[in-house]
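The structure under discussion is supplied below as structure tokens; questions concerning it will follow.
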Amino acid sequence: MDTTRAERDPAYAPTRTDRLLAALGGLVSAYVSLAVAELVASRVRPEAGPVPAVGGAVVDRTPAGLKEWAIRAFGENDKAVLQLGILLLLGVLALGVGLLALRHRRLGSAAVGAFGLLGALAAVTRPGSDSAVDAVPSLVGGLAGALLLYALTGRLRTPRPGTDRADRRGFLIVAASAGIAATGAAALGRAVGTPVSEHAAASRAALRLPRPTSPALAVPAGAQLPVPGIGPFVTPNRDFYRVDTALVVPRVDADRWRLRLHGSGVRAERTYTLRELMSRPTVERDITLACVSNEVGGPYVGNARWLGVSLADLLREAGVRPPSQGGPADQLVARSVDGMTIGTPVEDVMDGRDALLAFGMNGEPLPFAHGFPVRMVVPGLYGYVSACKWIESVELTTFDAYDAYWVPRGWAAQAPIKTQSRIDTPRPFGRPAAGTVMVAGVAWAQHRGIRRVEVRVDDGLWQDARLAAQDSSDTWRQWVYPWTATPGRHTLTVRATDGTGTTQPERRTDTMPDGAQGWHSVVVTVEGG
């Protein structure tokens with residue numbers, strides 16, 4: 001039986017090549033561990049994979065300021081950047097574990113297994129987990145990586161028969177074979193998909209939206225201005241912003257989905273299926289949504305036509321009364337299948353605005369990324385206090401009794417949308433030609449409407465822009481100002497006045513704790529003469 005070189009020669013020091021190969025072995029073992037875990041997660045559920053599970057735990061514990069920075073810096077790619085950062089960190093740790101295993105073979109392999117245990121713990125403790133089976137992907141992946149690292153370091157620590165040299169050729173063959181097999185396993189997992197995802201996709205494809213009992217009015221012909229560069233009045237689903245904490249978009253089977261309604265002031269707990277909701281009188285409305293993370297002039301706002309049922313009607317049928325009528329609950333806590341909690345004022349939901357449990361978006365079932373099968377839509381409130389996606393529970397409680405997800409992280413418990421306006425064209429640092437330049441954009445003050453938009457060139461007087469036709473007070477409104485542009489560098493600034501007569505303030509504030517405000521401006525250089 002061959003002995004290791006450490007056993008034959010305790011004074012032996014690994015060569016530089018041995019150390020490089022050992023580090024490579026750690027990296028390959030980590031890769032195989034993740035690939036195997038991903039393959040197993042494809043048969044369990046994607047959220048149970050180690051990277052989404054650990055990433056979700058990191059998101060929950062990330063300071064709010066850092067999250068805001070990530071959204072500003074990376075936009076909707078913030079989740080991909082987070083996962084890439086996790087993989088890079090794991091890669092660095094894997095290099096170190098490989099070097100550890102060269103000297104301490106069992107300890108190095110145990111370290112790989114420990115990472116598997118960490119992933120398993122993160123998976124089963126995530127809010128959306130309801131089964132110990134979620135631990136299986138990380139445990140199996142960790143075991144595969146540990147066994148591979150043990151085998152690889154054995155090739156370096158044990159000399160080939162009749163020589164005093166490590167079996168480097170055997171090491172490379174095993175490492176390459178394992179890497180190729182792991183790549184195939186990962187590709188297979190992505191191609192096959194999970195049974196849950198397949199059922200969810202089939203249920204969405206089979207869903208037929210009902211005709212609205214209360215249809216939306218036709219969008220006025222003048223709501224969309226014929227100005228190149230201005231955003232469309234109705235935002236296509238594929239372009240609608242997405243800001244949430246889900247590293248893996250939940251795919252919910254509509255046939256198995258249930259909505260639970262319970263809590264203070266509810267006469268008796270109720271449960272609804274999607275079919276039961278769709279059999280009720282349906283409401284179709286054009287409503288603009290905005291994210292509280294949207295900076296002045298930012299992109300996290302969009303307008304869509306939503307189809308659903310009145311949330312206020314469901315609450316009244318369950319015996320719920322708003323606080324103004326003596327109801328005991330002043331907060332509605334919506335819970336998502338991924339564990340997110342959103343707190344909404346009961347008074348706002350029941351004050352007559354079109355607060356919806358929506359299952360349709362722009363004429364089709366909700367896309368998975370936007371909350372299929374059902375989400376909340378409440379005009380006039382930022383999304384983090386109103387727009388729960390993938391909703392599965394509605395609980396009536398009080399703001400004193402419960403803080404929803406974002407409140408302990410520094411955000412306000414209540415956050416009505418602030419009046420905002422944005423210049424879409426010309427773009428910042430644009431170089432338009434001298435002459436008439438159409439300055440245009442959008443303004444919004446959901447549930448109050450837009451009464452006036454003004455534009456200022458440099459430090460000149462404010463000039464009224466022409467407003468597009470208004471759809472409703474719950475949608476944004478386009479505007480345009482024909483500017484006689486002269487050569488040189490100019491600053492264009494916009495401000496809006498809402499339906500109550502309040503003009504947005506000049507001073508800019510941060511998005512925290514309840515939304516940014518301030519005038520939007522762009523700098524352009526006019527060419528020609």
Side-chain angles (χ1 to χ4, degrees), residues 196-220 223 233-240 249-261 269-289 302-318 320 332 334-337 342 344 349-350 352-380 383 386-394 446-447 471-472 474-475:
V196 172
S197 295
E198 292 170 356
H199 294 158
S203 69
R204 183 178 183 274
L207 192 65
R208 297 295 178 265
L209 296 177
R211 295 177 62 87
T213 309
S214 176
L217 298 176
V219 175
F233 177 76
V234 176
T235 308
N237 291 354
R238 66 179 180 278
D239 298 329
F240 208 93
V249 173
R251 289 181 169 254
V252 181
D253 185 343
D255 297 327
R256 300 179 62 185
W257 175 86
R258 299 293 184 271
L259 176 70
R260 179 188 179 202
L261 174 60
E269 180 175 316
R270 299 191 176 191
T271 301
Y272 300 89
T273 67
L274 181 58
R275 298 295 176 186
E276 288 172 338
L277 286 186
M278 293 174 63
S279 67
R280 297 174 58 87
T282 52
V283 179
E284 182 185 60
R285 294 292 185 268
D286 296 330
I287 299 173
T288 296
L289 297 186
N303 186 55
R305 176 160 287 190
W306 307 93
L307 176 67
V309 298
S310 168
L311 177 55
D313 286 352
L314 260 67
L315 296 178
R316 291 190 188 95
E317 290 175 10
V320 176
L332 180 158
R335 286 182 171 82
S336 167
V337 299
I342 300 291
T344 309
V349 172
M350 303 186 73
R353 72 186 71 194
D354 291 309
L356 303 178
L357 288 174
F359 37 72
M361 181 180 183
N362 289 332
E364 65 177 79
L366 287 172
F368 287 111
H370 294 293
F372 181 84
V374 178
R375 68 172 296 165
M376 273 178 58
V377 175
V378 182
S386 69
C388 184
K389 296 188 285 190
W390 315 294
I391 188 172
E392 66 173 2
S393 171
V394 173
Q446 290 93 309
H447 210 54
D471 184 351
S472 78
D474 289 335
T475 64

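Every heavy atom of this structure was used, including side-chain atoms; hydrogens, water molecules and symmetry mates were not.
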### Residues which pass salt bridge (Lys or Arg N to Asp or Glu O under 4.0 Å) with E364, listed by chain and number, not counting sequence neighbours
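Counting only residues at least two positions away or on another chain, E364 forms a salt bridge (Lys or Arg N to Asp or Glu O under 4.0 Å) with R204.
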
### Straight-line distance of I342 CD1 to L332 CG, nearest 0.5 Å
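Between I342 CD1 and L332 CG, I get 11.0 Å after rounding to 0.5 Å.
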
### Query
Is L366 close to P373 at the side-chain level, that is, under 4.5 Å between some pair of heavy atoms?
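No, side chains not in contact.
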
### Task
Check whether the side chains of S336 and R375 place a donor and an acceptor atom closer than 3.5 Å, and report yes or no.
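Distance-only check fails for S336 and R375.
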
### Message
Ignoring hydrogens, what is the shortest heavy-atom contact between P365 and L209? Give both atom names and the distance.
### Response
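Shortest heavy-atom contact: N-CD1, 3.7 Å.
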
### Message
Quick one, P281 and V309 - any side-chain contact, counting heavy atoms below 4.5 Å?
### Response
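No; the side chains remain at least 4.5 Å from each other.
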
#### Entry: R258 side, atom CZ; T273 side, atom OG1 - distance, nearest 0.5 Å
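It is 5.5 Å, given to the nearest 0.5 Å.
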
### Query
What pair of heavy atoms forms the shortest contact from R251 to A201, and how long is it?
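Scanning both residues, the minimum pair turns out to be NH1-CB, 4.3 Å.
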
### Task
Evaluate the side-chain proximity of L207 to M278: yes if any heavy-atom separation is below 4.5 Å, no if none is.
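M278 vs L207: side chains touch.
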
### Query
How long is the gap from OG1 on T344 to CE on M376, to the nearest 0.5 Å?
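T344 atom OG1 to M376 atom CE measures 3.5 Å (nearest 0.5 Å).
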
### Query
From D474 CG over to L289 CG, what is the distance, rounded to the nearest 0.5 angstrom?
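These two atoms lie 10.0 Å from each other.
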
### Message
Donor-acceptor pair, distance only, cut-off 3.5 Å: does the side chain of T235 make one with the backbone of A304?
### Response
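No, T235 side chain to A304 backbone: no donor-acceptor pair under 3.5 Å.
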
### Task
Output the distance between atom CG (L357) and atom OG1 (T282), rounded to the nearest 0.5 Å.
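One finds 13.0 Å between CG of L357 and OG1 of T282.
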
### R353 (side chain) donor-acceptor with P379 (main chain) under 3.5 angstrom
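Yes, R353 side chain to P379 backbone: donor-acceptor pair under 3.5 Å.
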
### Query
Distance from L217 atom CG to D286 atom CG, nearest 0.5 Å?
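If we round to the nearest 0.5 Å, L217:CG and D286:CG are 8.5 Å apart.
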
### Task
Over all heavy atoms of both residues, which pair between F372 and A254 is shortest? Give the atoms and the distance, please.
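Minimum heavy-atom separation between F372 and A254: CZ-CB, 3.6 Å.
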
### Message
Once ring pair (Phe, Tyr, Trp, His ring centres under 6.0 Å) is applied, do any residues pair with F359, and if so which ones, sequence neighbours excluded?
### Response
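F359 satisfies ring pair (Phe, Tyr, Trp, His ring centres under 6.0 Å) with no other residue.
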
### Query
Any donor and acceptor pair, going by atom type alone, linking the side chain of N303 with main-chain N or O of F233 inside 3.5 Å?
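Yes; judged by distance alone, with no hydrogens or angles, the pair exists.
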
### Message
What I'd like to find out is whether the side chain of L314 reaches to under 4.5 Å of the side chain of Y272, using heavy atoms alone.
### Response
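Yes, at least one pair of side-chain atoms sits under 4.5 Å.
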
### Sub-4.5 Å side-chain heavy-atom contact between R280 and E317
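Yes, side chains in contact.
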
### Task
Ignoring hydrogens and angles, tell me if any N or O in the side chain of D253 forms a donor-acceptor pair with the backbone of S203 under 3.5 Å.
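A pair under 3.5 Å: no.
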
### Within-4.5 Å side-chain heavy-atom neighbours: R275 and D255
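The answer is yes, as the side chains (C-beta and beyond) meet within the 4.5 Å cut-off.
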
#### Entry: Considering all heavy atoms, the nearest V249-W390 contact
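In this case the closest contact between V249 and W390 is CG1-CZ2, 4.1 Å.
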
### Task
Could you pull out all residues at least two apart from D313 that satisfy salt bridge (Lys or Arg N to Asp or Glu O under 4.0 Å)?
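By the salt bridge (Lys or Arg N to Asp or Glu O under 4.0 Å) rule, D313 matches R316.
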
#### Entry: Test item: W306 and M361 side chains (from C-beta on) under 4.5 Å apart, heavy atoms
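W306 vs M361: side chains touch.
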
### Message
If you define the side chain from C-beta out and look only at heavy atoms, does anything of L315 sit under 4.5 Å from L261?
### Response
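When only atoms from C-beta onward are counted, L261 and L315 do touch, with a gap below 4.5 Å.
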
